[in-house]
Visitor: 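Dropping a structure here in structure tokens format, bear with me for questions.
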Amino acid sequence: MGDIEEVLTIELPVGENFRIQRSRYEPLKGKSKKRISVVSGIHGDELEGQYVCFLLGQWLREHPEAIRGTIDIYPAINSLGIDSITRSVPFYDVDLNRTFPGSKNDFLPAQIADGVVNLMRGSDFAIDIHSSNVFLREIPQVRIAKSQEDVLVPLANLLNIDFVWVHDAVTVLESTFAHTMNTIGTKTLVVEMGVGMRLGKAYGHQLLDGLLNLMAHEGILDIEPLKVRFPIQSQVGEVAYLNAACPGLFVPLIDHCQIIEKGSVVGHIVSALSGEVLNEVIAPIAGILFTIRAYPIVYEGSLVGRIFGEKQ
Amino acid sequence: MKRFDIVTLESPNRAPLRIEGFLFGEENLQGPSVAIVGAMSGDHINQLYVASGLVEYLRIKEEEGKIIGRILVIPAVNAYALNMGEKNWPLDKTDLNMMFPGYAQGETTQRIASRLFETLKGYDYGIILEGRRDQGMCLPYVKLIQSGYEDLECTKDLGLGFVHYRPHDPVETAMLQYNWQLWETKAFSIVFGKNGAIDKNVSNEVHTSIVRFLSKREMLNIPVFEGRKSNIVDPNRITLLKASRAGIFISKVQCGAHIQRGEVLGKIIDALSGEKLEKIVSPCEGIVTCQYAHPLIFQNSIVFRIASVELCSHIEAKKN
Ligand SMILES: [Zn+2]
């Protein structure tokens, strides 16, 4: 079984330490050549990654002889948040994933960020598993900044996900875990899948296969590579955003992950009070509905879905 | 005075959000103009209080015929958060002051920011009443970020003791001050008070400084007392003292105190055993401009900010 250790502790005001725990797996014999860090819970309301960590740990306990590298599992980075349905770092109300690279001499969120970077420094790979937020449900996808495209897309294609989304760099995203790690030489993939506060078993198994496949390709596991799906590549098409035109209750009419025609009705925004359908949400392009709203209350502007379609 | 809705936004169930404006000197199209923005966050109560106090004051001055410029006051941007003890937009928890210049086709708070910004564009001056973004409280000071379009000179007419003038942080490119400056409004922030509370003395000082500004910049025709000479402070003149331990924090000084090197400013005690963990001693002479304002403190939190005329070298050494 993995070697379980408390790898980061920070004093809290009243008789408690903030802690991050890690489970480390190493080869039974011989030297480890490569290291991978599997990370979840940077956002305290995202739990799909916890399940993936469980599945991976379970697999590794059953196949210790296959291990050729160092496999570190960190199920709960924002441990205060994970145990209390709090997305941000409690007390400070700061998004941990906007605090990297952090600093030892700064406030709690920055200390956590700094600690995390130092723990994973030297890893060859890091897989940062997110599950969207409580509002949106996502198909398994990897998001990659344009500047990292050449290095990371081939790696993402091994992960048994459905979609690789290469996006333009945004300044605020320079303060994420992934950006910092990629800058210091750890190839880091951000996985988004499922929805906040919930657990989707099928996605967990899908990503487990992807992780095993990636580790097989990189020589971290001595197993045959798995047969995995090849993800849709965002470069060949465009993403359309569906924002609510009015406030109300969003009722989807199409299942997540469906291929839809241009002009089809994705859902209704209805009034619970009057019983009227206030607005039809229409697909502006044909394609795959890869994001759909999970939390039904919407204001004008609330994102209700995203469609990826071929370039016209 | 003209009271009007700048932004209205329907909600699924609660009463619509209204961002109200109070406009004085509407007819003074030639004179200089200013827009004053109050609480953008649900815990900026002091900012709300100062802004609504200004509305009442200007209403009286308008009756006396003293308004010679055009003055818009927006006391509350995020009334939804204020009315439910939230800090940010209550549904998706986004910070309205991180959404500028806004996007009319975007998410809800981007749309709110965009509509508000449409109204704010074109004013000669922009005053943002800001709370702190941490657990501190502070003397009123001007925060002026360097966007390339900032105007340092005009901030001196407030007569506040300190102008914190510094390069902008990347995240500040999404804030109102930066974007307002880019649209060629002479925009700056006055940061003051403690979030969630009203400090009457501090509120008075901010109120007086804005009235002084309006008079000196010829929007209000009244005589005023001179304020302080503003000290332009860059980050190198500020000494940060940090807590080396977590626990209960007890302060021994007030913001504004002139303190000596070696003076005890506060202490941290163990929250369970009561044992004294740390005595916080000033390494230099200066003025306490900010201090931590929550009774429970975390390791490495900034406890005091001290502005000094001279850099003290041993502090520089300690920082490294
Ligand atoms: Zn996340």
Side-chain angles (χ1 to χ4, degrees), chain A residues 9-18 45 86-95 98-99 103-112 114 133-136 170-175 241-250 269-273 278 295-304, chain B residues 9-14 16-17 43 80 86-95 98 103-112 114 133-135 169-174 240 242-249 268-273 277 292 294-302 318-320:
Chain A
T9 63
I10 300 168
E11 199 176 52
L12 296 178
V14 188
E16 183 191 349
N17 282 326
F18 171 85
D45 60 349
T86 314
R87 183 174 180 81
S88 302
V89 180
F91 194 82
Y92 289 93
D93 199 14
V94 164
D95 185 337
R98 296 287 180 276
T99 318
S103 150
K104 244 181 217 49
N105 295 314
D106 207 333
F107 68 155
L108 181 71
Q111 286 176 63
I112 298 173
D114 171 74
N133 52 39
V134 299
F135 301 107
L136 302 169
V170 184
T171 326
V172 291
L173 295 183
E174 286 173 12
S175 49
Y241 290 74
L242 283 70
N243 295 84
C246 65
L249 191 71
F250 172 70
I269 296 171
V270 304
S271 165
L273 187 64
L278 303 170
Y295 187 80
I297 293 291
V298 294
Y299 283 85
E300 181 196 330
S302 296
L303 192 66
V304 297
Chain B
L9 185 93
E10 293 286 335
S11 188
N13 296 287
R14 71 192 280 189
L17 173 80
D43 57 356
Y80 265 18
E86 286 271 348
K87 208 169 94 180
N88 295 324
W89 182 246
L91 184 64
D92 64 14
K93 317 296 179 210
T94 49
D95 182 348
M98 282 294 185
Y103 175 46
Q105 271 80 49
E107 269 282 350
T108 310
T109 45
Q110 292 176 312
R111 294 184 186 210
I112 295 170
S114 159
R133 303 182 79 78
D134 59 19
Q135 316 281 348
D169 198 71
V171 298
E172 286 177 325
T173 57
L240 307 180
K242 289 178 178 170
S244 60
R245 299 296 302 273
I248 292 177
F249 168 60
I268 295 169
I269 58 177
D270 186 298
L272 298 178
S273 73
L277 299 174
Y292 193 82
H294 195 281
L296 292 180
I297 198 161
F298 291 71
Q299 243 177 343
N300 284 338
S301 300
I302 295 170
K318 206 181 156 192
K319 272 188 200 158
N320 300 326

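Residue numbers start from 1 in every chain, and the chains themselves are labelled A, B, ... in the order their sequence lines are given, proteins ahead of strands. Since this is a predicted model, take the numbers as computed values, not measurements.
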Visitor: Indicate yes or no: at least one non-hydrogen side-chain atom of A:L249 is less than 4.5 angstrom from one of A:I297.
Guide: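 Contact flag for A:L249/A:I297 side chains = yes.
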Visitor: Please classify the contact between B:R133 and chain A as side chain, backbone, both or neither, with a heavy-atom cut-off of under 4.5 Å.
Guide: neither
Visitor: Select one option (side chain, backbone, both, neither) describing which atoms of A:Q111 are under 4.5 Å from chain B's heavy atoms.
Guide: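 A:Q111 touches chain B through side-chain heavy atoms alone.
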Visitor: Any sub-3.5 Å donor-acceptor pair from B:Y80's side-chain atoms to B:P90's backbone N or O?
Guide: no
Visitor: Go through the structure and list residues passing side chain to side chain contact (heavy atoms under 4.5 Å, CB included) with A:N133, not counting sequence neighbours.
Guide: A:R87, A:F135, A:L136
Visitor: Can you tell me which portion of B:L9 sits under 4.5 Å from chain A's heavy atoms? Options are side chain, backbone, both or neither.
Guide: side chain
Visitor: Of the backbone (N, CA, C, O) and the side chain (C-beta and beyond), which part of A:I10 lies under 4.5 Å from a heavy atom of chain B, both, or neither?
Guide: both
Visitor: Just to verify, what does A:F107 make a ring-ring contact (aromatic ring centres under 6.0 Å, His included) with, not counting sequence neighbours?
Guide: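 With sequence neighbours excluded, A:F107 shows a ring-ring contact (aromatic ring centres under 6.0 Å, His included) to A:Y92, given in chain and number order.
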Visitor: Side chain from CB out, backbone as N, CA, C, O: work out which of these in A:V134 comes under 4.5 Å of a heavy atom of chain B, or both, or neither.
Guide: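 For A:V134, there is no contact with chain B at all, as no heavy atom is under 4.5 Å.
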Visitor: In terms of heavy-atom pairs under 4.5 Å with chain B, which of A:L278, A:V94, A:I269, A:D93 leads?
Guide: A:D93
Visitor: Hey, does A:T99 have a side-chain heavy atom less than 4.5 Å from the side chain of A:D95?
Guide: no
Visitor: What part of B:L272 lies closer than 4.5 angstrom to a heavy atom of chain A: side chain, backbone, both or neither?
Guide: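 Looking at B:L272, just its side chain touches chain A.
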Visitor: Distance only, no hydrogens: is a donor on one side chain within 3.5 Å (strictly under) of an acceptor on the other, for B:D92 and B:T94?
Guide: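 Yes, B:T94 and B:D92 have a side-chain donor paired with an acceptor closer than 3.5 Å.
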Visitor: What do the steps show when you test B:L240 against A:N105 for side-chain contact (heavy atoms from CB on, under 4.5 Å), and what is the final call?
Guide: CA-CA 11 Å; B:L240 307 180; A:N105 295 314; over 6 Å; no
Visitor: Picking from B:Q110, B:K93, B:Q105, B:H294, which has the most non-hydrogen pairs under 4.5 angstrom with chain A?
Guide: B:H294
Visitor: Looking only at heavy atoms and a cut-off of under 4.5 Å, which of B:A271, B:S301, B:S11 has the most pairs with chain A?
Guide: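 Looking at each of B:A271, B:S301, B:S11 in turn, B:S11 comes out on top.
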Visitor: With a 4.5 angstrom heavy-atom cut-off, could you sort out which part of A:A244 is near chain B: side chain, backbone, both or neither?
Guide: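 Only the backbone of A:A244 comes within 4.5 Å of chain B.
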Visitor: Which atoms of A:Y295 are under 4.5 Å from chain B, going by heavy atoms: the side chain, the backbone, both sets, or neither?
Guide: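 The side chain, not the backbone.
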Visitor: Given the rule in the side-chain contact (heavy atoms from CB on, under 4.5 Å) test, do A:N243 and B:R111 qualify, once you have shown the distances and angles that lead to the verdict?
Guide: CA-CA 11 Å; A:N243 295 84; B:R111 294 184 186 210; 3.5 Å; yes
Visitor: Can you tell me which portion of B:N88 sits under 4.5 Å from chain A's heavy atoms? Options are side chain, backbone, both or neither.
Guide: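 Answer is side chain: those atoms of B:N88 sit under 4.5 Å from chain A.
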